[in-house]
Amino acid sequence: STIEPPLILDQVLMIFREGGTSTDNWQQSFKEFHQARCQVFQPEGIEQMRELRDTYLHFAKVWIYRKVLSPNSFLPVKGVTQ
């Protein structure tokens with residue numbers, strides 16, 4: 001937040017399960033989060049390049065985990081039958 005410091009809690013408020021919207025549409029969430037950060041922080045020059053670099057690096061790490069390393073990466077794709 002650019003308005004208030006973060007509030008740190010001692011308890012868990014929400015547990016996200018695998019298979020929800022954020023899991024199924026994770027690529028879209030990266031795009032939307034990057035757009036939101038650019039709208040709020042309005043990076044320019046080197047900061048804009050760092051924002052883009054950081055977004056791509058994080059995307060690559062998540063993609064590698066989800067598509068290659070995750071135990072679920074070898075499961076059949078939803079809706080596809082063999």
Side-chain angles (χ1 to χ4, degrees):
S1 171
T2 59
I3 299 170
E4 295 283 334
L7 175 63
I8 299 173
L9 304 174
D10 294 329
Q11 60 189 13
V12 176
L13 296 180
M14 180 60 111
I15 297 174
F16 293 95
R17 65 175 179 79
E18 191 76 22
T21 301
S22 61
T23 302
D24 293 341
N25 299 325
W26 68 270
Q27 292 114 328
Q28 181 67 25
S29 72
F30 268 82
K31 179 181 176 183
E32 291 173 2
F33 188 72
H34 172 68
Q35 288 173 341
R37 285 182 54 83
C38 288
Q39 286 177 350
V40 171
F41 298 116
Q42 299 179 351
E44 294 180 359
I46 194 76
E47 290 300 321
Q48 185 177 24
M49 292 172 59
R50 285 183 183 142
E51 168 63 26
L52 195 57
R53 178 203 64 201
D54 292 346
T55 298
Y56 284 139
L57 285 174
H58 188 200
F59 183 92
K61 290 176 185 179
V62 172
W63 186 90
I64 289 168
Y65 176 77
R66 289 185 178 272
K67 300 296 184 182
V68 179
L69 302 175
S70 169
N72 296 328
S73 64
F74 299 105
L75 295 176
V77 177
K78 289 181 185 177
V80 176
T81 56
Q82 295 182 357

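Here, residue 1 is the first one in the sequence, and each next residue gets the next number. Not measured: the values here are computed from a predicted model.
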| query | Going from CZ on Arg37 to CD on Gln42, what distance comes out if it is rounded to the nearest 0.5 angstrom? | reply | 13.0 Å

| field | Atom pair OG1/NZ of Thr55 and Lys31 - distance to nearest 0.5 Å | value | 13.0 Å

| Co-membership, hydrophobic cluster, residues Leu52 and Met49, 4.5 Å side-chain | no

| task | Verify the cluster assignment for Ile46 and Phe41: are they in a single hydrophobic cluster under the rule of side-chain heavy atoms below 4.5 Å apart? | result | no

| message | A side-chain contact here means heavy atoms from C-beta on lying under 4.5 Å apart; do Arg53 and Leu57 qualify? | response | yes

| task | Would you please name every residue forming a salt bridge (charged side-chain N to carboxylate O under 4.0 Å, His left out) with Glu47, sequence neighbours left out? | result | Arg50

| task | Determine, using the 4.5 Å side-chain heavy-atom cutoff (strictly less than), whether Ile64 and Trp26 are members of one ILVMFWY cluster. | result | yes

| request: Would you mind listing the cluster partners of Phe33? Hydrophobic ones only (ILVMFWY), side-chain contacts under 4.5 Å, chaining allowed. | output: none

| request: Check the side chains of Glu32 and Gln28 for a donor-acceptor pair under 3.5 angstrom, ignoring hydrogens and angles. | output: yes

| Considering all heavy atoms of both residues, which atom of Glu51 and which atom of Cys38 are nearest to each other, and what is their separation? | CG-SG, 4.1 Å

| task | Give, for atom CD of Gln27 and atom CZ of Arg66, the distance between the pair rounded to the nearest 0.5 Å. | result | 8.5 Å

